[in-house]
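Remarks on the structure that follows.
Count residues from 1 along the sequence.
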Amino acid sequence: MYEVNVFVTLKEAVLDPQGSAVNHSLHQLGYQEVEDVRIGKVLTLTVNGEKETVEARVKEMCDKLLANPVIEDYRFEIKEALAQ
């Protein structure tokens, strides 16, 4: 069994109004060193199977549902899940 963290982010060319709002708020709070903020999402999946199969299936899931390939990029990390 594997734990998979999927990181979905907007493509660089896509405007990120939420990120801009957070950046502005941070500046208002005195964090002037922050130059840019991009908002994304993280999904954590627990998946059964062989590692190579899990990798292929997660890529398929991302391409079909978890990320919008027109405006988003994704990457994922796979690690063995701890026994419960």
Cluster overlap [X] with [Y], hydrophobic side-chain contacts below 4.5 Å:
X	Y	value
L10	V70	yes
L43	F76	yes
I39	L26	yes
V4	V42	no

(request) Please report the shortest heavy-atom distance between Y2 and E50, naming the atom on each side. (result) CE1-C, 4.2 Å
With a 4.5 Å heavy-atom cut-off, do [X] and [Y] have their side chains touching?
X	Y	answer
V47	M1	no
V6	L45	yes
K51	I78	yes
D36	R38	yes
K41	E72	yes

Any sub-3.5 Å donor-acceptor pair from [X]'s side-chain atoms to [Y]'s backbone N or O?
X	Y	result
S20	D16	yes
Q32	H27	yes
K59	V54	no

(request) Would you please say whether a donor-acceptor pair under 3.5 Å links the side chains of N5 and T44? (result) yes
(request) Ignoring hydrogens and angles, state whether a donor on the side chain of D63 or Y74 is under 3.5 Å from an acceptor on the partner side chain. (result)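 Y74 and D63 do have a side-chain donor-acceptor pair below 3.5 Å.
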Evaluate whether atom [atom1] of [X] has more than 12 neighbouring non-hydrogen atoms of other residues, nucleotides or ligands under 6.0 angstrom away.
X	atom1	result
Q18	CD	no
L15	CG	no
H24	NE2	no
E33	CD	yes

(message) Rounded at 0.5 Å granularity, tell me how far CD in Q28 sits from CG in N23.
(response)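 Between Q28 CD and N23 CG, I get 10.5 Å after rounding to 0.5 Å.
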(message) Working to the nearest 0.5 angstrom, can you tell me the gap between E52 CD and R57 CZ?
(response) 15.0 Å
